[in-house]
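Chain A is the first sequence line, chain B the second, and so forth, proteins listed ahead of strands; every chain is numbered from 1.
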Amino acid sequence: MIKVSNLQKTYNNTTVLNIPELEIPKGESFGLVGNNGAGKTTFFSLLLDLIRPTQGNITLNNIRVDESEGWKPFTSAFIDDSFLIGYLTPEEYFYFIGELRGWNKADVDALLEKHEDFFNGEILKRKKYLRDLSKGNQKKVGIVAALIGNPEVVILDEPFANLDPTTQIRLKRIIKELAEDGNTTVLVSSHDLAHTTEVSNRIVALHKGEIVKDIKTSQETLQELEAFFAV
Amino acid sequence: MFKKFIKLEWKAFTRSAAFSTNLVVKIIVLLYAIMMAFFLLLLGTGAFSILKKAGASDPMLWVNKYLIYYIIVDLGIRIVFQNIPVSNIKPLLTLNIKKKTIVNFIIGKSMATFFNIIHAFFFVPFSIVLLVKGYNPVNVVLWHVAIMALVYSNNFLNILLEGKNWLFAVFIVLLATFGSLQYYGYFDITTYTEVFFTSLYSTYFMALLPIALLVIVWRATFKFFYEYMFLDAGLKTKEEEARTENYAWLDQFGSMSTYLKNDLKLILRNKRAKMTVISSVLFLFYGLLFFSNSIEVYNTPTWKMFAAIMLTSGFMFTFGQFVPSWDSSYYPLMMSQNIPYREYIASKWWLMVIATVITTVLASFYLYFGVDVYLMILACAVYNIGINAYMVLLSGAFVKTPVDLTKARQAMGGKKSFNPKMILLGISKLIIPIALYAVGHYIFNDTIAYILIAGTGIIGLLFRNFVFNQIAKLYKSEKYDTLAAYKQVN
């Protein structure tokens, strides 16, 4: 599904990301961990063609992201609040994304209803614009919006940050469900090793832009990761 | 303590996104500022002799006569444009600094803005000229101090009236009412206010009145800040009650309706974007200056042509120059969603076309000045739609200033006008139609001239697909740079 070859990103002679090779098969639940500055967001930004690779390329479904826009219809992401439109109400935002992804109102409403408990009554019909919601509630909106249109690739950057414990547990359930059907490739990054090991069946650890660990999740994964990051 | 504050302010200023661009922009901004100051200085020193030559027996009395309008306009401008500088004091609240010091700092900061200093450039040289011309020194100084007190009172009044943007409309109505009453000779408010402003000069005690006013509003402002300096009171960002809207009538635009609806919400729900609507109304009335024949210099075909272009282009110029910057705060979303560039551009184009058509219809009151005038406006509207709309979109693609939608004004007015490509495109928006008109007018007649202008517009319309594709290409090639530039928000 996702193929990275010889990917490098350099700013002023400092290489912030260097991935010679990486392949993520369809239906995998992929976890990306690493400290600040490890290159997680850089990698996701490259995947979405928001920054230009210094070298190499990424293909989604054999489409090079920096050459064609053909990957957009089946890819969705929530990276940060620059993926939200502040002056819309949550409903308007969901319908807007829905229209872009070919869903009508009823489709969107069905999805929103499904995630009603995730919203915890704080999102819909609150007569607030997105810009006036708290950081955590904004995040909930962004995550659910990324599920609109049944995308084949879902990219979530730090989805657990800023969420309350109950919502974190609900989010884990959502991500697991997504990965279960085998058609959706989910990419999640996090600082929280426990969360990531719980939702992902493969974990890659980045350190200073390089892949230092690439493991299939098992009972020992969490310990292994904790041992690695305890410096 | 104040020294430290000033250091912080200096850093905030020099490191703001608008300023940290390249050296060329910095130099041009500086030159521009110096030019403005020089121009005002020139006006201040020259005003006396200009007024004398224009027939005013005592220039000072003439200034006093119209000062009331000056003061009202100043307050109106402040209400719309002058922001209150409280946003960056939040980090200071929990530090070991007395609340009084912070309040004094905010007040001091508000006093040191462009909106106050600009007045000194006129009044200081004007007062000096008065002294040179032999006016009583003590009285001149008193008069000067009193006027400055009024200017600073406006500064504080603006703070106390924060957020009441509707007042701007009130001031416009007031100005229009008193202005027209005076023009047609029914009632002249200046005969009353003139007495007051002259008394600031002619007596020793009247100057105390504005000074007392200044002290009162200053105390009130101090109290206001002191009592409301809490995160959930004065420092809270205002929340409006939101309504979910559908705008079903836009559905007839097909797949583009998605973007049109979004743009409509953008304009209606953001302070900064609302200004485009206000400016299009102002542009619409701007033509009165030219077509009413009230100002002699403007009574030439070239100036009238200039006015005709500007009349219907208010929204187009003010909105279009920031496409795609209006979407800067969520540009990564737009770039990773399933949005074809062409459709995106087309929707912005349609928005400008709709606005231009509406203003052209509204401009029909210019028929009062003759069918010929309105024909000229019509021809220019067609030209605006056919050619200028492309020009605006084209120059917008080079503007990489992120727009902060929530603020009514941008620091330094944005660096938009300082891009050489933009200046070139900006000038050609006006020069080309004026040249077309000149050719038609001087070689043939006015009718041919109008046909020439409108015809060029229609030819432009025929090339729509080609132009849209070119602009889309430009967007694509600028994509990464644009994304990076939008990240650097103030």
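- In this structure, CG in B:D327 is found 7.5 Å from CD1 in A:I85, a value given to the nearest 0.5 Å.
- In this structure, the portion of A:I97 lying under 4.5 Å from any heavy atom of chain B is its side chain and not its backbone.
- A pairwise comparison of heavy atoms in A:Y87 and B:R269 identifies O-NH1, 2.9 Å as the closest pair.
- For the residue pair A:D49 / B:Y480, a side-chain donor-acceptor distance below 3.5 Å is found, with atom types taken as modelled.
- Only the side chain of A:R131 comes within less than 4.5 Å of a heavy atom of chain B; its backbone N, CA, C and O stay farther away.
- For the pair A:I79/B:L333, no side-chain contact is recorded, criterion being any heavy-atom separation below 4.5 Å from C-beta on.
- With rounding to the nearest 0.5 Å, the separation of CG in A:D66 from NZ in B:K479 is 9.0 Å.
- In this structure, OG in B:S257 is found 6.0 Å from CD in A:E99, a value given to the nearest 0.5 Å.
- Between chain A and the residues B:I339, B:T244, B:L483, the largest count of heavy-atom pairs under 4.5 Å involves B:T244.
- Annotation for A:T89 and B:A242: closest pair CG2-CB, 3.5 Å, computed over non-hydrogen atoms.
- Heavy atoms closer than 4.5 Å to chain A are found in the side chain of B:Y341, but not in its backbone.
- Contacts between A:F74 and chain B at a heavy-atom distance below 4.5 Å are absent for every atom of the residue.
- Separation of atoms CZ (A:F96) and NZ (B:K265) is listed at 9.0 Å; rounding is to 0.5 Å.
- The side-chain heavy atoms of B:Y331 and A:S82, taken from C-beta on, include no pair separated by under 4.5 Å.
- In this structure, chain A has heavy atoms under 4.5 Å from both the backbone and the side chain of B:T258.
- Contact of B:L268 with chain A is not made at all, since no heavy-atom distance falls under 4.5 Å.
- Sparse packing is recorded around NZ of A:K208, with 12 or fewer heavy atoms of other residues, nucleotides or ligands lying under 6.0 Å away.
- Between chain A and the residues B:M335, B:Q337, B:E245, B:K476, the most heavy-atom pairs under 4.5 angstrom are made by B:Q337.
- For the atom pair B:Y330 OH and A:L88 CG, the distance stands at 7.5 Å (nearest 0.5 Å).
- Heavy-atom minimum distance, B:S336 versus A:K72: O-CG, 3.9 Å.
- Only the side chain of A:R101 comes within contact range of chain B, with at least one heavy atom under 4.5 Å from a heavy atom of that chain.
- When heavy atoms are compared at a cutoff of 4.5 Å, A:L84 approaches chain B solely by way of its backbone atoms N, CA, C and O.
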